[in-house]
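Encoded as structure tokens, the structure appears first; notes follow it.
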Number of protein chains: 2
Amino acid sequence: MKRRDLKIDKLPTIRRLPAYLNLLRELSIKGEQTVSSSHLAERMGIEPILVRKDLELTRITGTPRIGYSIQDLIGGIEGFLGLGDTLDAFLIGVGQLGSSLLSNQNLMNLGLRIVAAFDKEPQKSRSEANGIPVFGLERLGELARRINVCLAILCVQPEEAQDVTDILVAAGVKGIWNFTSANLVVPDDVITQNEDLCPALRCCP
Amino acid sequence: MKRRDLKIDKLPTIRRLPAYLNLLRELSIKGEQTVSSSHLAERMGIEPILVRKDLELTRITGTPRIGYSIQDLIGGIEGFLGLGDTLDAFLIGVGQLGSSLLSNQNLMNLGLRIVAAFDKEPQKSRSEANGIPVFGLERLGELARRINVCLAILCVQPEEAQDVTDILVAAGVKGIWNFTSANLVVPDDVITQNEDLCPALRCCP
DNA sequence: TAGATTGTTAATCGATTAACAATC
DNA sequence: TAGATTGTTAATCGATTAACAATC
């Protein structure tokens with residue numbers, strides 16, 4: 001069964017899967033073989049039944065009284081998330097946040113590879129250190145078409161975000177990971193994920 | 001009516017409010033006076049009725065045929081989110097992501113002020129540039145108690161995250177904004193918001 | 001076997017959407 | 001007035017939780 005055939009719309013679950021993965025890898029390193037839904041639940045701060053529902057999506061089944069095989073789950077989640085086959089991405093805007101992402105090991109772990117970065121002032125940008133070339137913004141459209149990436153990471157100024165987005169969409173990019181505060185307008189077949197740093201500040205009285 | 005008296009549990013709405021705020025400020029700068037729910041909805045990529053429901057929470061009412069007063073909405077959302085009264089926070093872990101947050105203007109806009117930063121190797125950390133002192137991690141507990149901040153921003157290595165969290169919780173911190181991949185275990189009266197950079201990668205086939 | 005844990009089926013809860021009356 | 005837009009009330013939808021049978 002291909003990923004596309006599965007229900008894609010279990011968004012809350014999908015967002016939790018990477019957290020399960022982290023936890024499972026940690027347990028695996030500790031030498032654990034199996035894990036129960038209640039243990040995972042406690043570590044995640046959620047209910048065991050929710051864990052079981054989430055894991056159901058990966059098609060991995062557990063064993064009553066034993067729990068789930070950690071290796072199976074790792075494989076199942078990686079497979080479901082499409083990790084393993086690395087996903088190429090562009091990064092646009094090599095400012096402080098952008099360069100921080102360029103060197104972020106987590107992205108690699110998730111199977112994301114930034115193949116090129118773009119900036120208004122490429123010579124100024126502090127990257128290249130990671131071996132990733134930084135091009136001028138004017139080359140974005142051309143290279144997006146040529147290299148045919150489907151994911152872009154947006155770290156530009158909010159005012160520039162929509163313009164850059166339009167270029168990306170025109171070039172066939174299907175996913176935009178938006179770190180700007182701009183609300184992007186995109187066609188229906190393009191997915192945006194906003195990571196605007198807006199905490200639910202109301203934790204404090 | 002104090003914020004505390006309002007229903008706090010409209011989480012999806014609360015998470016959308018900062019986005020409305022950005023949009024409204026933008027419109028305000030353009031000289032607009034009023035805005036309709038359908039216009040906001042289009043810009044946000046959601047349904048007009050959802051916008052009206054969201055705005056209901058701020059207690060600002062609109063006018064049929066006219067829409068909402070942009071100034072009123074800005075004030076209402078700021079009031080609701082408790083912006084205006086600045087919230088003091090600690091930042092722990094002044095690596096690349098940490099220093100990027102230290103200089104992030106967005107946080108200031110949201111009324112968040114980082115009053116001190118901590119790092120295992122404070123002398124190595126590249127900050128202080130922003131006038132924010134960087135202390136050694138060993139002083140965290142003491143200073144958290146003395147300065148009495150209620151929010152902390154966590155940018156340490158995942159392995160250190162739980163230890164640092166325990167110190168923070170013991171010192172009375174009530175909100176932890178977690179940028180690590182660790183799953184933090186905290187008491188019920190402490191809120192964590194995870195910003196682990198885990199995109200729903202599945203946008204691409 | 002007895003007991004723990006999974007996985008299924010049904011119930012609840014909360015968020016979104018729909019319908020429409022109110023109103024400027 | 002006529003028409004656009006709000007705000008209310010009800011319906012739908014989806015996610016979480018509960019109950020419990022299946023099973024190792």
Side-chain angles (χ1 to χ4, degrees), chain A residues 6-20 23-24 27 32-74 76-77 80 183 188 191 194 200 202, chain B residues 6-20 23-24 27 32-74 76-77 80 183 188 191 194 200 202:
Chain A
L6 292 163
K7 282 272 184 310
I8 287 248
D9 39 304
K10 289 255 165 196
L11 216 30
T13 294
I14 291 173
R15 283 173 173 275
R16 279 188 295 266
L17 288 181
Y20 289 118
L23 215 42
L24 291 164
L27 291 170
E32 304 288 334
Q33 302 294 317
T34 62
V35 66
S36 69
S37 59
S38 50
H39 182 250
L40 286 174
E42 198 197 346
R43 294 291 304 275
M44 297 272 292
I46 58 180
E47 298 297 315
I49 176 63
L50 186 51
V51 172
R52 294 204 293 280
K53 283 286 181 199
D54 284 346
L55 298 183
E56 204 180 294
L57 201 62
T58 68
R59 301 290 174 110
I60 302 298
T61 57
T63 313
R65 275 199 43 93
I66 307 290
Y68 298 84
S69 150
I70 290 176
Q71 282 317 308
D72 286 358
L73 282 184
I74 291 177
I77 294 176
F80 183 82
N183 297 100
D188 280 348
I191 295 179
N194 295 317
R202 317 187 84 245
Chain B
L6 293 163
K7 283 272 187 307
I8 286 247
D9 39 302
K10 289 255 167 196
L11 217 29
T13 294
I14 291 174
R15 284 174 172 274
R16 278 188 296 266
L17 286 181
Y20 289 118
L23 214 43
L24 291 164
L27 292 169
E32 304 288 334
Q33 302 294 316
T34 62
V35 67
S36 69
S37 59
S38 49
H39 182 250
L40 286 174
E42 197 197 348
R43 294 291 305 272
M44 298 271 294
I46 58 180
E47 297 298 314
I49 176 62
L50 186 52
V51 172
R52 296 204 293 280
K53 284 285 179 198
D54 284 346
L55 298 183
E56 204 179 294
L57 200 64
T58 68
R59 301 290 174 112
I60 302 297
T61 56
T63 313
R65 272 199 48 91
I66 307 291
Y68 298 84
S69 150
I70 289 175
Q71 282 318 305
D72 287 359
L73 281 184
I74 291 176
I77 295 176
F80 184 83
N183 298 101
D188 280 348
I191 295 178
N194 295 319
R202 318 187 84 246

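Letters go in sequence order (proteins before strands), and every chain restarts at 1. Fair warning: this is a prediction, and the values are worked out from it, not measured in the lab.
- Contact between A:Leu24 and A:Ile70 at its shortest, heavy atoms only, is O-CG2, 3.6 Å.
- Nearer to the 5' terminus of DNA chain C, by closest-nucleotide assignment, is the contact made by A:Gly67 (compared with the other of A:Gly67 and A:Lys53).
- One interatomic measurement links the two molecules: CG of B:Leu57 to C1' of D:dG7, which rounds to 14 Å at whole-angstrom precision.
- Using modelled atom types, no side-chain atom of B:Thr63 and backbone atom of B:Ile66 make a donor-acceptor pair closer than 3.5 Å.
- Proximity of A:Leu27 to A:His39: side-chain heavy atoms (C-beta onward) are separated by under 4.5 Å at one or more points.
- Computed from coordinates, the A:Leu73 CG to C:dT6 P distance equals 10 Å when rounded to whole Å.
- Atom CG of A:Leu73 and atom OG1 of A:Thr61 lie 9.5 Å apart (nearest 0.5 Å).
- For the pair B:Asp72 and B:Ile60, the tightest heavy-atom approach, listed with the atom from each and the gap, is O-CD1, 3.6 Å.
- Between A:Ser37 and A:Pro48, the closest heavy-atom pair is CB-O, 3.8 Å.
- Closest non-hydrogen pair, A:Ala41 versus A:Glu47, comes out as CB-C, 3.6 Å.
- Separating the CD atom of A:Glu47 from the P atom of C:dA11 is a distance of 20 Å, rounded to the nearest angstrom.
- Minimum heavy-atom separation, A:Tyr20 to A:Ile77: CB-CD1, 3.7 Å.
- Atoms OH (A:Tyr68) and C1' (C:dA4) sit 13 Å apart, rounded to a whole Å.
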* Asked: According to the Watson-Crick and G-U wobble definition with distances under 3.5 Å, which dot-bracket string, read 5' to 3', encodes DNA chain C, using [ ] for crossing pairs and | for pairs with another strand?
  -> ..||||||||||||||||||||||
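- Atom CG of A:Leu50 is separated from atom C1' of C:dG7 by 14 Å (rounded to the nearest Å).
- The two atoms that bring B:Thr13 and B:Asp54 nearest to each other are OG1-OD1, 2.7 Å, heavy atoms only.
- An OP1 or OP2 oxygen of C:dT16 is reached within less than 4.0 angstrom by a side-chain nitrogen or oxygen of B:Arg16.
- Nucleotide C:dG14 holds its P atom 17 Å from the CZ atom of B:Arg15, rounded to whole Å.
- D:dT5 atom P lies 15 Å from atom CG of B:Leu55, rounded to whole Å.
- For the contact set between residues 33-44 of chain A and DNA chain D, defined by any heavy atom under 4.0 Å, there are no members.
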* For nucleotides 19-24 of chain D, just jot down a letter per nucleotide in 5' to 3' order: B, S or -, based on protein non-hydrogen atoms under 4.0 Å. => B---BB
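- Here C:dA15 presents its C1' atom at 12 Å from CD1 of B:Ile46, a figure rounded to the nearest Å.
- The number of heavy-atom neighbours closer than 6.0 Å to CD of A:Gln33, taken from other residues, nucleotides and ligands shown, is 12 or below.
- In this structure, the separation between OH on B:Tyr68 and CZ on B:Arg52 is 6.5 Å, given to the nearest 0.5 Å.
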